[in-house]
Amino acid sequence: DTEVTQTPKHLVMGMTNKKSLKCEQHMGHRAMYWYKQKAKKPPELMFVYSYEKLSINESVPSRFSPECPNSSLLNLHLHALQPEDSALYLCASSQVLGRDSYEQYFGPGTRLTVT
Amino acid sequence: QQQVKQSPQSLIVQKGGISIINCAYENTAFDYFPWYQQFPGKGPALLIAIRPDVSEKKEGRFTISFNKSAKQFSLHIMDSQPGDSATYFCAASKRVGNQFYFGTGTSLTVIP
């Protein structure tokens, strides 16, 4: 099973709201990723967790706050977003690089609209 | 700085034809090169991947050709079908760092 699940599928939020995106995988992967993707662009890396610790933060504004409660779950907490944050938010997972298996699997994404 | 360069930006192919998408990289530390297929509104799906110790890998109608000396790799889709119409991204990663570097994407349209 190579499935990464994400909830919700769609989210509309106002600029003063607080919401969370959720991601789950049961492949035993110990690296989990958040990406942001705008239309017709490649995924843009936001955060990487390796063994449940934040290993990469690509200078993402503090209105995005990641959390990795355990090895299967990844959350992205959203607060005071701007309309330009509207995008497809993708979660992905892989083995920690350096091991034999590098495959990175993506979830279906959450389509976020900020009004 | 774009670590992986991808071309063409868009591609139109007749049904049954061969679709070819090219990528190039500079960092010789890259040692894993996947291709992803993405349909509108969906997440990227891993299609096929290659390591630099082989020059070609084939899975069904999809083939990766890899030229280590030229630092280039390409995706060939044989007998292209309308259902292959999607955006394709190449990517590269290093053995350490847990980071994948994506190309800019190619929008493929296969016309019946």
Side-chain angles (χ1 to χ4, degrees), chain A residues 2-7 9-10 21 23 25 27 29-58 68 87-113, chain B residues 1-11 21 23 25 27 29-54 57 59 64 73 85-109:
Chain A
T2 58
E3 189 178 22
V4 177
T5 59
Q6 289 188 244
T7 55
K9 285 190 169 70
H10 302 275
L21 309 184
C23 172
Q25 58 88 15
M27 294 178 276
H29 289 167
R30 301 303 295 275
M32 296 187 76
Y33 309 74
W34 280 116
Y35 290 89
K36 173 183 177 180
Q37 188 179 31
K38 291 280 201 177
K40 300 189 186 300
K41 297 291 187 183
E44 179 185 337
L45 184 65
M46 300 175 72
F47 303 105
V48 181
Y49 274 83
S50 178
Y51 296 111
E52 296 87 69
K53 293 191 188 313
L54 185 64
S55 60
I56 296 177
N57 177 341
E58 290 286 356
C68 190
L88 183 67
Y89 286 84
L90 296 162
C91 173
S93 72
S94 74
Q95 292 287 9
V96 173
L97 298 186
R99 299 182 59 177
D100 290 336
S101 173
Y102 284 27
E103 287 84 3
Q104 180 184 62
Y105 295 97
F106 283 85
T110 293
R111 173 67 62 189
L112 173 68
T113 303
Chain B
Q1 181 185 357
Q2 191 71 33
Q3 298 246 11
V4 180
K5 295 182 180 177
Q6 183 172 347
S7 63
Q9 186 176 347
S10 62
L11 181 61
I21 304 170
C23 285
Y25 65 97
N27 192 334
F30 289 148
D31 70 345
Y32 174 70
F33 302 90
W35 284 91
Y36 290 88
Q37 179 190 57
Q38 186 175 27
F39 293 103
K42 306 292 186 184
L46 180 62
L47 199 57
I48 187 172
I50 199 166
R51 300 278 182 88
D53 52 347
V54 297
K57 183 174 181 181
E59 289 183 3
I64 299 179
F73 58 109
S85 298
T87 299
Y88 293 81
F89 293 100
C90 62
S93 69
K94 296 180 276 189
R95 184 165 286 272
V96 294
N98 277 100
Q99 196 158 357
F100 290 78
Y101 299 88
F102 285 84
T104 49
T106 296
S107 176
L108 171 66
T109 302

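Sequence lines set the chain letters: A, B, ... in the order given, protein chains first and strands last, and positions in each chain run from 1.
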Any side-chain heavy-atom pair from K40(A) and Q9(B) closer than 4.5 angstrom? no

Do F102(B) and Y35(A) pass the ring-ring contact (aromatic ring centres under 6.0 Å, His included) test, and can you show the C-alpha distance, the side-chain angles, and the key distance before you say yes or no? CA-CA 12 Å; F102(B) 285 84; Y35(A) 290 89; 5.8 Å; yes

If you count the non-hydrogen atoms of other residues, nucleotides and ligands that lie under 6.0 Å from NZ in K38(A), is the total more than 12? yes

Which atoms of Q6(B) come close to chain A, meaning under 4.5 Å heavy atom to heavy atom: side chain ones, backbone ones, both, or neither? neither

Minimum heavy-atom separation for K42(B) and L88(A), please, with both atom names. O-CD2, 3.9 Å

Check G103(B) against P42(A) and note the closest heavy-atom contact, atom names and distance. O-CB, 3.2 Å

At a heavy-atom distance under 4.5 Å, which candidate from G107(A), A92(A), P43(A) has the highest pair count against chain B? P43(A)

Heavy-atom side-chain proximity of Y36(B) to Q104(A) below 4.5 angstrom: yes

Proximity breakdown for P44(B) and chain A, heavy-atom pairs closer than 4.5 Å: both

If we only count heavy atoms from C-beta on, is the Q99(B) to L45(A) side-chain gap below 4.5 Å? yes

Contacting moiety of Q37(A), where chain B heavy atoms sit under 4.5 Å: side chain

